[in-house]
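Residue indices begin at 1 and follow the sequence shown.
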Amino acid sequence: QVQLVESGGGLVQPGGSLRLSCVASGSIFRIIVMGWYRQTPGKERELVARIDSGGNTNYADSVKGRFTISRDNAKNTVYVQMASLKPEDSAVYYCNADLIPRGSLRRDDYWGQGTQVTVSS
């Protein structure tokens, strides 16, 4: 009953920019942390960036200074603005939310379906 829907992926040239968005909907009491992860074939999913409800952020070293995560708590939406993209940023990007569903006492992790980002000339 909780759904995360990503948008904004696509093909971009090296050095270009892209913004991903993710909206959480459904029976949600409170979202604690929202974030972005990415995965390439044969590799484990890795953290890109995350942000808590107070606006505190942390980033993977590989994206620091190039990616910016932000959040609109009123809209249950998280964004990541990606700049100076490199071919090695190509991956499926997944939205994640650590949240408490309405009627529950327990935090749980939810994932979006993923959106492909390809950086290539």
Could you list all the ring pair (Phe, Tyr, Trp, His ring centres under 6.0 Å) pairs where at least one residue sits in residues 95-117, not counting sequence neighbours?
-> Tyr37-Trp111
List the atom pairs, donor and acceptor, that lie under 3.5 Å between side-chain atoms in residues 57-65 and the rest of the protein, sequence neighbours left out.
unit_1, atom_1, unit_2, atom_2, d
Asn58, OD1, Arg50, NE, 3.0
Tyr59, OH, Ile69, N, 2.9
Asp61, OD1, Lys64, NZ, 3.1
Ser62, OG, Arg38, NH2, 3.3

Asp72: partners by salt bridge (Lys or Arg N to Asp or Glu O under 4.0 Å), with sequence neighbours left out | none
Where at least one partner belongs to residues 24-93, residue pairs that pass disulfide (SG to SG under 2.5 Å), sequence neighbours excluded | none
Restricting to pairs with a member in residues 47-121, which pass disulfide (SG to SG under 2.5 Å), not counting sequence neighbours?
-> Cys22-Cys95
Pairs under 3.5 angstrom only: tabulate donor-acceptor contacts from the side chains of residues 27-36 to other protein residues two or more places apart or in another chain.
none

Sidechain-backbone polar pair: Gln39 side chain, Ala91 backbone, donor-acceptor under 3.5 Å | no
Residues in side chain to side chain donor-acceptor pair (under 3.5 Å) with Gln116, at least two apart?
-> Thr118
With sequence neighbours left out, write down each residue that passes salt bridge (Lys or Arg N to Asp or Glu O under 4.0 Å) with Asp108, or none if nothing qualifies.
-> Arg106
Can you tell me which residue pairs pass the ring pair (Phe, Tyr, Trp, His ring centres under 6.0 Å) test with a partner in residues 64-94, sequence neighbours excluded?
-> none
Which disulfide (SG to SG under 2.5 Å) pairs, counting each pair once, include a residue from residues 31-76, with sequence neighbours left out?
-> none
List, by chain and then residue number, the residues other than Leu11 in its hydrophobic cluster (Ile/Leu/Val/Met/Phe/Trp/Tyr, side-chain heavy atoms under 4.5 Å); write none if there are no others.
-> none
What side-chain donor-acceptor pairs closer than 3.5 Å can you find for residues 13-20, not counting sequence neighbours?
none

